[in-house]
Trainee: 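First the structure, which I've put down as structure tokens, then a few questions once you've had a look.
On a predicted model such as this, the values are computed, not experimentally measured, just so you know.
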Amino acid sequence: MTQLMPLLWRYTGQDFFNQLVLQLAGLTGASMVFAGLQHQQAEQVRVIACNQQGRLCPPFNYDLAGTPCTFSRHSQEQVCIYNSGIAERFSDDHILVEHGLQAYAGLALREPGGQPLGVLVLLFDQPLADSNRIRTLLSRLDPRVTAELRQRRTQEQLMVAATAFESREGIFIANSRMQIQQTNRAFARLCGQEPDSLSGISLTELRAHAAGMTDIEDIVQAIDSRGWWQGEQRLQRADGRTIDVNVQISKIHDGLGIPHYVHYVEDISEQKANRKRIEKMAYFDELTGLHNRRFMVEHISHTVALAEYESTRGALLLLDLDGFKNINDSLGYAIGDQLLIQVAERLRCFSQEYEDVSLARMASDEFVLLFPRLGHGYSATKTRTEQLANALNELFSMPFEVNGLRLHVGISAGISVFPATGVTLEEYLRQADTATHMAKRIAQGRHVFFSQEMAEEVQERLQLFNALQQALKNEELTLHYQPQVQLDNNRIIGAEALLRWQPPGQPPIPPGHFIPVAEETSLICDIGNWVLQKACRQLQHWQQNGTGPERLSVNISARHFHSPDFVARIEALLQQYPACRHRLTLEMTESVLLENLAESRTRMARLKKLGLWLSIDDFGTGYSSFAYLKELPADELKLDRSFIRHVDETPRDRAIIACILQLSRELSMTVVAEGVETQSQRSQLQAMGCPACQGFLLARPMPEEALMTWLSNTG
């Protein structure tokens with residue numbers, strides 16, 4: 001100690017520990033000496049200085065488990081010495097085993113409260129003959145080494161604190177007058193300034209005013225009452241810009257008891273921008289920029305609640321574009337999208353002329369206008385809504401210009417007046433939707449107010465739809481057949497297959513009642529496929545047995561004809577029933593074919609190649625344009641019954657029929673007159689040169705067994 005202590009007094013910090021391990025090795029003959037800091041919870045020593053065989057080693061971690069140093073944690077001894085055999089006793093200590101060490105002397109260094117602080121260890125490659133000298137030496141070194149270790153731990157804690165202070169998160173410390181005392185670079189960057197320039201600045205100079213922000217006085221009061229505060233503020237940068245920040249403030253006291261306020265500042269401007277983008281995605285339509293369905297559903301509840309509170313009435317108008325699907329199909333989605341953008345802009349300008357009006361795009365070509373405060377009574381509100389609906393129709397009377405094209409689209413509107421007794425918030429949109437469908441069924445470009453009768457009709461149609469679905473599964477549908485006769489010689493030339501529905505134990509349901517319900521959904525395709533399957537099987541059976549008519553006609557709906565797999569299904573049926581080639585006729589109305597003329601022409605050409613006959617049903621009642629006939633490869637025209645009803649009485653009807661007959665001869669097409677019910681009608685048609693007819697005069701539609709009987713009696 002006489003040699004060692006004067007030497008060690010010259011040093012402090014890392015130099016002290018380096019000299020300590022070097023001098024102890026020389027004085028005691030130890031082959032390894034190390035000093036290290038010990039964490040209170042971790043079973044590990046951080047070696048800060050180590051001398052091995054006269055050479056200083058870099059710092060390393062030394063696990064306590066299975067080593068003689070565990071005494072420093074689990075025993076109150078100050079010094080622990082093993083005179084010999086430590087490598088064998090502590091076989092898990094890789095340092096002892098690797099170097100074949102024999103003796104151990106350790107000094108446990110502790111905090112005043114007894115918590116572990118560190119260890120000073122001497123390891124020998126020979127057994128110790130006299131350990132008392134070393135025990136005394138270590139005991140006398142305890143105060144100085146403990147003091148140096150505590151200073152080292154304090155320095156490391158300060159380094160950690162300094163590193164944290166210079167983190168990416170903005171930090172600054174303010175005094176009790178909320179003036180900045182110290183700031184890190186991250187906060188200075190947020191302010192757009194240098195750290196030194198912020199010293200002494202009051203927080204009020206950095207705080208941008210914004211609605212809803214907590215005042216500084218309230219923040220200080222909250223901190224004084226509970227010791228902390230957290231919330232959003234707006235920071236004024238040096239360049240004039242403002243950014244949104246989240247601030248956490250903690251109150252601390254220094255050694256003299258003076259309060260200071262530590263501020264942790266996080267830039268959340270990007271987070272708020274992202275939230276706004278997410279909110280816009282959630283509540284706004286991406287294409288048009290209008291509010292979307294989600295927003296409107298939530299907004300209706302607030303508007304109706306306000307109307308109930310104020311005892312006023314308003315109206316919800318659901319607008320559906322007329323003819324938009326045709327534009328989309330014929331000109332493409334890009335043109336359709338541009339049209340929707342212009343429609344949205346036109347509606348936006350319209351809505352801005354009225355107070356508190358809300359506008360949203362609900363679906364592809366559906367928009368909603370929500371008008372609050374239109375009146376106090378129902379009659380006044382309805383009158384005002386009528387005026388708005390008429391103004392909207394006027395608004396859409398002007399064409400839209402899209403990529404050099406002049407496009408005309410109208411609107412059909414369904415109207416629901418609110419508030420209404422017993423109506424839930426979710427029902428107002430359903431009411432308007434029901435009224436819109438009714439408006440389109442009546443005539444495009446109309447507006448219709450919702451009524452309870454509509455709701456009952458919709459409910460009835462829904463029940464009918466569900467029953468029809470079940471009827472298709474339960475084989476309640478059947479085919480009846482109506483013969484077609486050649487007028488000049490009464491020869492049976494074919495029959496038309498007609499769908500019938502006979503629920504068990506109930507009266508039959510007329511086709512005019514259930515087919516329109518099926519046509520509103522894809523159920524008509526399922527029914528159409530079933531009808532084609534049954535008709536082809538029947539026609540195949542007739543041909544194989546030499547019975548029945550030569551030809552069979554089947555009606556095809558628009559949705560079925562334009563379904564993607566229609567032609568493929570027909571091809572599969574003809575492979576299954578080859579006798580149907582050149583004997584099966586598909587009947588389609590003008591509206592079906594002209595819905596998409598180019599597609600219809602292509603499909604009809606493919607069907608012709610398969611050996612089918614094609615007939616245009618109800619001719620003359622649709623678009624009444626002869627120009628498309630030259631475009632379509634049709635074989636037959638069917639005269640609608642509306643021309644036949646008064647053919648024997650009205651010269652105008654005879655003139656129209658004569659014109660159609662002449663046209664059919666020029667185009668090499670045959671003609672069948674429908675709905676012939678009197679002998680006078682038949683005679684008149686025969687005199688005019690009509691080739692064939694069908695109707696109640698000849699026979700009503702009948703089941704297959706009755707048809708066979710009728711054919712045998714007629715023959």
Trainee: About how many Å separate CE of Met669 and OG of Ser664, when rounded to the nearest 0.5 Å?
Mentor: 7.5 Å
Trainee: Please work out which of the three classes, parallel, tilted or perpendicular, describes the rings of His291 and Phe295, given edges at 30° and 60°.
Mentor: parallel
Trainee: Side-chain contact test, heavy atoms from C-beta onward, threshold under 4.5 Å: evaluate it for His408 versus Asp322 and give yes or no.
Mentor: no
Trainee: Could you note down all residue pairs passing salt bridge (Lys or Arg N to Asp or Glu O under 4.0 Å) where residues 374-386 supplies at least one of them, sequence neighbours left out?
Mentor: none
Trainee: Using side-chain contact (heavy atoms from CB on, under 4.5 Å) as the criterion, list what pairs up with His513, not counting sequence neighbours.
Mentor: Glu460, Leu464, Ile509, Pro510
Trainee: Give the intermediate values and the outcome of side chain to side chain contact (heavy atoms under 4.5 Å, CB included) for residues Tyr354 and Leu374.
Mentor: CA-CA 10 Å; Tyr354 302 90; Leu374 292 179; over 6 Å; no
Trainee: Do we see a donor-acceptor contact under 3.5 Å between the side chains of His560 and Asn529?
Mentor: yes
Trainee: Can you tell me which residue pairs pass the salt bridge (Lys or Arg N to Asp or Glu O under 4.0 Å) test with a partner in residues 333-353, sequence neighbours excluded?
Mentor: Glu345-Arg348
Trainee: For Ala360, is there any backbone N or O sitting under 3.5 Å from a side-chain donor or acceptor partner on Arg293?
Mentor: no
Trainee: Looking at every non-hydrogen atom in both residues, tell me the closest pair between Gly414 and Thr436 and how far apart they are.
Mentor: N-OG1, 3.0 Å
Trainee: Under the 3.5 angstrom rule, does the side chain of Arg313 hit a backbone N or O of Pro419 as a donor-acceptor pair?
Mentor: yes
Trainee: Just to verify, what does Asp526 make a salt bridge (Lys or Arg N to Asp or Glu O under 4.0 Å) with, not counting sequence neighbours?
Mentor: none
Trainee: If you round to the nearest 0.5 Å, how far is CG of Leu388 from NE2 of His447?
Mentor: 10.0 Å
Trainee: Could you point out which residue of Val304, Val368, Leu370 forms a side chain to side chain contact (heavy atoms under 4.5 Å, CB included) with His299?
Mentor: Leu370
Trainee: Heavy-atom distance under 4.5 Å between the side chains of Pro372 and Thr312, does that happen here?
Mentor: no
Trainee: Distance check, rounded to the nearest 0.5 Å: Gln233 atom CD versus Thr242 atom OG1?
Mentor: 12.5 Å
Trainee: Can you list the residues that meet the side-chain contact (heavy atoms from CB on, under 4.5 Å) rule with Val423, with sequence neighbours excluded?
Mentor: Ala420, Glu427, Tyr428, Gln431
Trainee: Going by the rule salt bridge (Lys or Arg N to Asp or Glu O under 4.0 Å), which residues pair with Asp635 if we only count those two or more places apart in sequence or in a different chain?
Mentor: Lys608
Trainee: Report the residues that fulfil salt bridge (Lys or Arg N to Asp or Glu O under 4.0 Å) with Arg500, sequence neighbours left out, ordered by chain and then residue number.
Mentor: none
Trainee: Roughly how far, to the nearest 0.5 Å, is the CD atom of Glu266 from the CD atom of Glu169?
Mentor: 6.5 Å
Trainee: Return each pair, listed once, that meets salt bridge (Lys or Arg N to Asp or Glu O under 4.0 Å) where at least one residue sits in residues 402-417; pairs must be two or more places apart or across chains.
Mentor: Glu401-Arg406
Trainee: Say you draw a straight line from CG of Leu235 to CD1 of Ile243; how long is it, rounded to the nearest 0.5 Å?
Mentor: 5.0 Å
Trainee: Excluding sequence neighbours, so at least two apart, what forms salt bridge (Lys or Arg N to Asp or Glu O under 4.0 Å) with Asp433?
Mentor: none
Trainee: Does Gln338 have any side-chain contact (heavy atoms from CB on, under 4.5 Å) partners at least two apart in sequence or in another chain, and if so, which?
Mentor: Ile341, Val402
Trainee: Taking salt bridge (Lys or Arg N to Asp or Glu O under 4.0 Å) as the cut-off, I'd like each qualifying pair that reaches into residues 366-377, sequence neighbours left out, listed once.
Mentor: Glu310-Arg373, Asp356-Arg373
Trainee: Which residues pass the side-chain contact (heavy atoms from CB on, under 4.5 Å) test with Asn555, sequence neighbours left out?
Mentor: Glu496, Leu498, Glu587, Asp617
Trainee: If we ignore hydrogens and angles and just use 3.5 Å, is the side chain of Asn474 paired with the main-chain N or O of Pro503 as donor and acceptor?
Mentor: no
Trainee: With a 3.5 Å distance limit and no angle check, can you tell me whether Arg361 reaches the backbone of Ala363 through a side-chain donor-acceptor pair?
Mentor: yes
Trainee: Any chance you could measure Phe324, atom CZ, to Ile411, atom CD1, to the nearest 0.5 Å?
Mentor: 14.5 Å
Trainee: Is there a donor in the side chain of Ser412 and an acceptor in the side chain of Asp320, or the other way round, less than 3.5 Å apart?
Mentor: no
Trainee: Verify the distance criterion only: is there a donor paired with an acceptor across the side chains of Trp501 and Glu476 at less than 3.5 Å?
Mentor: yes
